[in-house]
Amino acid sequence: MSLDILSALLNREELATARECALIEARTANALGKLALANEALLVAAISLGRQGQIAESLGELERLIPRARRLKQHDVLLQALNEAGGHHLLLGRINAAMRRWISCLEVALDNGDDGMLVKAHLGIGKVYFGAQDYANALQYHLRSLDYAQAVQASATLGAIYVCLANDYLNLDLPNEALASLHLGQRNLANQGHTQLEAECRLYQATAQIRLGNLDDAQQSLTEARQLIRESRHHWSEFHTALTQAALDHAMQLPQSGLRQLEIARKLAYELQSGALIEKAEYALYLHHKQEGHFDKALDSHRSYHAAVERNLRSLQETQLLGSTLRQAKRLETRLHLRQSDQENLALQARLRHHQAVLSTLSREVETDALTGVANRRALESQLDQLAAQAGIGFSVLMLDIDHFKAINDSHGHAVGDRVLAQIGQLLRESCRNGETIARYGGEEFCVLLPGIEGAAATAIAERIRRRVAGHGWAEVAPRLAVTTSVGCASAHGDEGARGVLARADALLYRAKKQGRNRVCDDPGGDFLLI
């Protein structure tokens, strides 16, 4: 059987068949003295074994293959074997071994001008920093990997790089930046058949959405991830899917379902023989039992977690990056820089700034209402959480509704209705200072957060907004068009939470509408009316 057919079986995830055929091919080639052909078949056999979840066994085969490929100067086989071995070492928690393998891969790629593998190896080194929980360095490495990929036009690796960037951002607690990276990653992965990377995209989307409180969206992303993982049977992804589902179940107050997912994650971690994943799974189970008040079970889980930590500590040198390894990685970074001219270095820096700007722009878009240009409800929720965390700081909330908006749409058409909404957003921005958060709450409702402003001062701002809307030249938008607003104004009282203030402002808005609209209702029940 030809190696092209073996590779096709591997790409179609027919792993057991690919391995069986590759081993037969390797034995036949060895018997005929065709050592290079045998090495190529052994590479397929080892990769297929790893993709079936037998990481330690696959790694053993790869480590035996590496010196054979090096002796025969089979650079393609050597590079792929080093790259796969790096990933396996990392999954098993062997940080320095992973770094050494990817450094070797980078050296061979540099010596042989293989730009595609150069980018993959550099990406791997960033993953090592991630595995060492140095997320800031991981992010910088992955941003540089993005630059190298763009510079050498290695477009096939872009999707993987954006996925790694998303994971960096999540661990730096930047969920919006993570979603922006995943948006770019999915764009690059479209129609490429990278099932595993597409599954990771959905997983990280779910994690970001849980952090942002979008639980329905998170469940949809997890469902899509499961469908993709079912095709690839990748144990690492199955582990993280179970762990993410457990986090979502916890957020949705479904403890029994969450426990089942944590037990699945624990089983998969032991099957993978990954010390890092075992430790993570045992700790998650301990926290779950403790939060549910099952203290006997929590104690058992903590003992298992402690045992996992001790096992990992016994190989401490493999779970922390050694100085010699870091120095070697730094020397290779120097080689990469020397390979480029000063002009190329300047171009790389410009691209780095461009990528960061794109991610920043996409992050802002995630929190901006496209029609009105003000913040959306997601951004408002984030600001409310920040206000709640700032004890002792007074603030007020304005809830504003466009009066008889349905009648405007019915009489003048939805295009005019959209122009009215956009103009209201502009009038709100013009009526407020820089410190306020202006958000479209939904439909024709808007919300304004006023930090540091309370009582009569907040009511005066609400009245200023109401007057400005009522006095605007709406006839320029449509003949005989008049637009007014009703506003509810509430200030924080005592230890009341930010969402409690929001709820009172909403109730006051309802009162303003009930009392005849085109008015402000504040806490004491007073109102202003334009005659």
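Because only heavy atoms are used, hydrogens play no part in the values below, and waters and symmetry mates are left out as well, while side chains stay in. For reference, positions follow the sequence shown, starting with 1.
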* When you look at Thr484 and Val469, which way does the side-chain contact (heavy atoms from CB on, under 4.5 Å) test go after all the steps? -> CA-CA 6 Å; Thr484 60; Val469 171; 5.8 Å; no
* **Backbone of Ser431 reached by a side-chain donor or acceptor of Arg464 within 3.5 Å** => yes
* Asked: Where do Phe239 and Ala281 come nearest, in terms of heavy atoms and distance?
  -> CE1-CB, 3.9 Å
* Using the salt bridge (Lys or Arg N to Asp or Glu O under 4.0 Å) rule, take Arg211 and Asp173 through it: C-alpha gap first, then chi angles, then the decisive distance, then the call. => CA-CA 9 Å; Arg211 300 263 183 93; Asp173 200 23; 3.8 Å; yes
* Asked: Between Tyr135 and Gln140, does any side-chain donor sit less than 3.5 Å from a side-chain acceptor?
  -> no
* Minimal non-hydrogen separation, Gly126 against His142, with atom names -> C-NE2, 3.3 Å
* **Ile229 side chain reached by Arg202 side chain, heavy atoms, under 4.5 Å** => no
* Asked: Would Glu463 and Arg466 count as a salt bridge (Lys or Arg N to Asp or Glu O under 4.0 Å) if you check the C-alpha gap in whole Å, the side-chain angles of each, and the deciding distance to 0.1 Å?
  -> CA-CA 5 Å; Glu463 173 61 11; Arg466 186 196 66 76; 2.6 Å; yes
* Structure fact -> Those residues at least two apart in sequence (or on a different chain) that pass side-chain contact (heavy atoms from CB on, under 4.5 Å) with Asn137 are Tyr129, Asp134
* Is the shortest heavy-atom distance from the side chain of Lys280 to the side chain of Tyr305 under 4.5 Å? -> no
* Asked: Between Asp401 and Ser486, is a side chain to side chain donor-acceptor pair (under 3.5 Å) present by the stated rule, with each step listed?
  -> CA-CA 5 Å; Asp401 184 84; Ser486 301; 6.0 Å; no
* To do: Would you check if Leu502 and Leu384 make a side-chain contact, meaning some heavy-atom pair closer than 4.5 Å?
  => yes
* To do: Go through Glu263 and Lys267 one step at a time and tell me if the salt bridge (Lys or Arg N to Asp or Glu O under 4.0 Å) criterion holds.
  => CA-CA 6 Å; Glu263 289 171 343; Lys267 179 176 179 291; over 6 Å; no
* Asked: Are side-chain heavy atoms of Val163 and Ser181 found at a separation under 4.5 Å?
  -> no
* Are the side chain of Arg266 and the backbone N or O of Gln261 linked by a donor-acceptor pair below 3.5 Å? -> no
* Heavy-atom side-chain proximity of Leu146 to Tyr162 below 4.5 angstrom -> yes
* Any side-chain heavy atom of Asn167 within less than 4.5 Å of one from Phe130? -> yes
* **Spatial distance of atom CG (Leu228) from atom CG (Leu197) [nearest 0.5 Å]** => 11.0 Å
* **Arg468: partners by salt bridge (Lys or Arg N to Asp or Glu O under 4.0 Å), with sequence neighbours left out** => Glu430
* salt bridge (Lys or Arg N to Asp or Glu O under 4.0 Å) partners of Glu198, counting only residues at least two apart -> none
* Does NZ in Lys297 sit with more than 12 non-hydrogen atoms of other residues, nucleotides or ligands closer than 6.0 Å? -> no
* Using distance alone, with no hydrogens and no angle criterion, decide if Ser301 and Glu282 have a side-chain donor and acceptor under 3.5 Å apart. => no
* **For Gln220, side-chain contact (heavy atoms from CB on, under 4.5 Å) partners two or more places apart** => Glu224
* Structure fact -> Contacts of Glu84 meeting side-chain contact (heavy atoms from CB on, under 4.5 Å) (sequence neighbours excluded), chain-then-number -> Ile47, Leu62, His88
* Give the minimum heavy-atom separation between Asn518 and Ala470, together with the two atoms involved. => OD1-CB, 4.3 Å
* Asked: Is there a donor-acceptor contact under 3.5 Å from the side chain of Asn376 to the main chain of Ala379?
  -> yes
* To do: Quick one: list whatever passes salt bridge (Lys or Arg N to Asp or Glu O under 4.0 Å) with Asp506, sequence neighbours left out.
  => none
* Can any side-chain N or O of Arg519 pair as donor or acceptor with the backbone N or O of Gln515 at less than 3.5 Å? -> yes
* To do: State whether the number of non-hydrogen atoms from other residues, nucleotides or ligands found under 6.0 Å of His289 atom NE2 is greater than 12.
  => yes
* **Validation row: Leu398, Leu509 side chains within 4.5 angstrom (heavy atoms)** => no
* To do: Would you confirm whether Gln52, through its side chain, and Ser48, through its main-chain N or O, come within 3.5 Å as a donor-acceptor pair?
  => yes
* Closest heavy-atom pair and its distance - Ser145, Val119 -> O-CG1, 4.0 Å
* To do: State which residues pass ring pair (Phe, Tyr, Trp, His ring centres under 6.0 Å) with His472; sequence neighbours excluded, sorted by chain then number.
  => Trp474
* **Residues that Arg419 engages under salt bridge (Lys or Arg N to Asp or Glu O under 4.0 Å), provided they are two or more places apart** => none
* Asked: Does Phe405 CZ have over 12 foreign heavy atoms under 6.0 Å away?
  -> yes
* To do: Any chance you could lay out the side-chain contact (heavy atoms from CB on, under 4.5 Å) test for Thr157 and Leu123, step after step, and finish with the verdict?
  => CA-CA 9 Å; Thr157 61; Leu123 183 64; 5.7 Å; no
* Who pairs with Gln219 by side chain to side chain donor-acceptor pair (under 3.5 Å), at least two apart in sequence or on another chain? -> Gln245
* Structure fact -> Looking only at heavy atoms, the pair that brings Leu428 and Leu400 closest together is CD2-CD1, 4.1 Å
* Is the closest side-chain heavy-atom distance between Val487 and Met399 below 4.5 Å? -> no
* For Ile210 against Ala218, the heavy-atom pair lying closest together -> CG1-CB, 3.7 Å
* Between Ser396 and Ile453, is there a donor-acceptor pair closer than 3.5 Å when you use the side chain of the first and the backbone of the second? -> yes
* **Test side-chain contact (heavy atoms from CB on, under 4.5 Å) applied to Ser221 - qualifying residues, sequence neighbours left out** => Gln205, Ala206, Gln209
* Tell me, please, which residues at least two apart from Tyr286 pass ring pair (Phe, Tyr, Trp, His ring centres under 6.0 Å). => Tyr283, His302
Check residues 441-452 and write down every donor-acceptor pair under 3.5 Å in which the side-chain atom is one partner and the other belongs to a residue at least two apart or another chain.
unit_1, atom_1, unit_2, atom_2, d
Tyr441, OH, Arg377, NH2, 2.9

